[in-house]
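Numbered from 1 within each chain, the chains take letters A, B, ... in sequence-line order. Note that the coordinates shown come from a computational prediction; the quantities given were computed from them, not determined experimentally.
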There are 2 protein chains.
Amino acid sequence: MKNNLFTIGRLSKQTGCVVQTIRYYERIGLLPEPDRSPRGHRLYNEDILNRLKFILRTRQLGFNIKERRQFLELVDGGNYTCQKIRQKTLLHTQEIKRKIKDLKKMERELLRMTDKCNDGNGTDCSILATLFQN
Amino acid sequence: MKNNLFTIGRLSKQTGCVVQTIRYYERIGLLPEPDRSPRGHRLYNEDILNRLKFILRTRQLGFNIKERRQFLELVDGGNYTCQKIRQKTLLHTQEIKRKIKDLKKMERELLRMTDKCNDGNGTDCSILATLFQN
DNA sequence: CATACATGCTATAGTAACTATAGTTACAAG
DNA sequence: CTTGTAACTATAGTTACTATAGCATGTATG
């Protein structure tokens with residue numbers, strides 16, 4: 001079972017990650033350089049599959065490349081504590097919260113503008129008036 | 001009053017927009033090429049100041065360059081209706097809502113993970129367990 | 001047997017929206 | 001006379017991919 005190797009196309013299908021991105025992750029060092037077939041095709045194993053899945057989950061959670069790399073380094077090095085991981089995660093959560101706050105502010109202002117708008121087919125537009133006010 | 005011209009430094013201070021960005025907006029055609037002093041320095045007037053303020057407000061509201069450009073084109077051409085503007089604004093608001101939703105989902109998952117975490121100083125971390133699960 | 005298709009490869013460029021840098025000029029103050 | 005400030009241009013760097021060009025190879029089909 002361990003020696004089951006598969007190509008990049010299969011890895012792509014297994015994970016939902018497009019081929020170019022897999023190669024990109026290899027290039028920037030998130031994924032290791034895999035074995036190659038005699039023809040030069042990449043051959044992956046379960047370990048790399050799991051590593052990629054990990055990367056994709058952290059991606060889905062909004063961690064950027066640097067943060068994903070740090071996670072991987074902590075795990076690879078084995079020199080992490082649960083506290084450290086938790087700390088990173090909490091910090092990231094704060095970032096997300098801040099982004100939500102910013103977007104909500106935008107949303108409020110946008111709604112305020114459209115509410116005032118008469119939606120007519122003339123050029124007298126209160127939205128533009130708001131945007132152009134000194 | 002109309003002939004009051006000022007340099008890019010003053011425009012920057014008046015608007016809070018850094019100098020490079022002003023030149024960038026000119027390069028991509030959001031701002032017109034201004035007059036130049038004999039020394040070749042850009043000289044701005046009130047019109048451009050107001051135009052830049054407009055751009056910066058739409059930026060603050062999360063409109064991207066393409067959208068900002070469209071707003072400006074509508075205004076420049078005079079061929080807009082209040083409806084059109086309102087429509088664009090509503091569409092953009094939907095986009096913002098979607099982003100908020102995505103971020104909230106991330107936040108929920110992150111909180112769920114950190115809640116389960118024991119915050120210990122060992123390597124037994126439920127956050128990592130979640131991220132690594134098949 | 002010839003050809004088309006699928007899949008893989010590399011290297012490079014493009015995307016968005018700035019931001020930063022290098023190298024230059026000009027003027028004013030001490 | 002040097003230092004500081006504020007302009008200028010052109011170009012590169014940032015983030016995280018995504019797309020393209022051009023090529024090799026194995027398989028299926030006519």
Problem set entry | Spacing between A/K13 atom NZ and C/dA6 atom C1', to the nearest angstrom | 10 Å
For this session: Please report, rounded to the nearest Å, how far the P atom of D/dC17 is from the CG atom of A/L31.
Result: 12 Å
Exercise. Which heavy atom of B/T58 sits nearest a heavy atom of B/I55, and at what distance?
Worked result: OG1-O, 2.6 Å
Seminar exercise, completed: Rounding to 0.5 Å, atoms CZ (B/R108) and CD1 (A/I96) come to a distance of 12.0 Å
For this session: State whether A/Y25 places a side-chain N or O below 4.0 Å from either non-bridging phosphate oxygen (OP1 or OP2) of D/dC17.
Result: yes
When you compare the protein's N or O atoms with those of nucleotides 7-11 of chain D, which come within less than 3.5 Å of each other, and at what distance?
residue : atom : partner : partner atom : Å
D/dA7   : OP1  : B/T7    : OG1          : 2.9
D/dA7   : OP1  : B/G9    : N            : 3.0
D/dC8   : OP1  : B/R42   : N            : 2.8
D/dC8   : OP1  : B/R42   : NH1          : 2.9
D/dC8   : OP2  : B/R23   : NH1          : 2.4
D/dC8   : O5'  : B/R42   : NH1          : 3.3
D/dC8   : O3'  : B/R36   : NH1          : 3.4
D/dT9   : OP1  : B/R36   : NH1          : 3.2
D/dT9   : OP1  : B/R36   : NH2          : 3.0
D/dT9   : OP2  : B/R42   : NH1          : 3.0
D/dT9   : OP2  : B/R42   : NH2          : 2.9

In residues 21-29 of chain B, what donor-acceptor pairs under 3.5 Å come from side-chain atoms, sequence neighbours left out?
residue : atom : partner : partner atom : Å
B/Y25   : OH   : B/R68   : NH1          : 2.9
B/E26   : OE1  : B/R42   : NE           : 2.7

Problem set entry | Nearest non-hydrogen partners of A/F71 and A/T89, listed with the distance | CZ-OG1, 4.1 Å
For this session: Would you please name every residue forming a side-chain hydrogen bond (donor to acceptor under 3.5 Å, both in side chains) with B/D76, sequence neighbours left out?
Result: B/R51
For this session: Mind calculating the distance between OH (A/Y24) and C1' (D/dT20) to the nearest angstrom?
Result: 18 Å
Seminar exercise, completed: side-chain hydrogen bond (donor to acceptor under 3.5 Å, both in side chains) filter on B/K104, not counting sequence neighbours, yields none
Problem set entry | Under the salt bridge (charged side-chain N to carboxylate O under 4.0 Å, His left out) test, residues paired with B/R86 that sit two or more places apart | A/D119
Acceptor/donor pairs from residues 124-133 of chain B side chains to any protein atom, 3.5 angstrom cut, sequence neighbours excluded:
residue : atom : partner : partner atom : Å
B/T130  : OG1  : B/S126  : O            : 2.8

Seminar exercise, completed: With sequence neighbours left out, the residues meeting side chain to side chain contact (heavy atoms under 4.5 Å, CB included) with A/E109 are A/K105, A/R112, B/L61
For this session: Could you run through DNA chain D and flag its stems, i.e. three or more consecutive Watson-Crick or G-U pairs with both distances under 3.5 Å?
Result: C:1-30 with D:1-30
Exercise. Just by distance, do the side chain of B/S12 and the backbone of B/C17 share a donor-acceptor pair under 3.5 Å?
Worked result: yes
Exercise. To the nearest 0.5 Å, how far apart are CD in A/Q94 and NE2 in A/H92?
Worked result: 11.0 Å
Problem set entry | All side-chain hydrogen bond (donor to acceptor under 3.5 Å, both in side chains) counterparts of B/R98, not counting sequence neighbours | B/E95, B/D102
For this session: Just jot down the side-chain hydrogen bond (donor to acceptor under 3.5 Å, both in side chains) partners of A/K88, sequence neighbours excluded, or say none.
Result: A/Q70
For this session: Rounded off to whole Å, could you give me the CD-to-P distance for the A/Q20 and C/dG14 pair?
Result: 16 Å
Can you give me the N/O atom pairs linking the protein to nucleotides 22-24 of chain C at distances under 3.5 Å, or say none if there are none?
none

Exercise. Looking at DNA chain C, which of residues 53-70 of chain A put a heavy atom within less than 4.0 Å of it?
Worked result: none
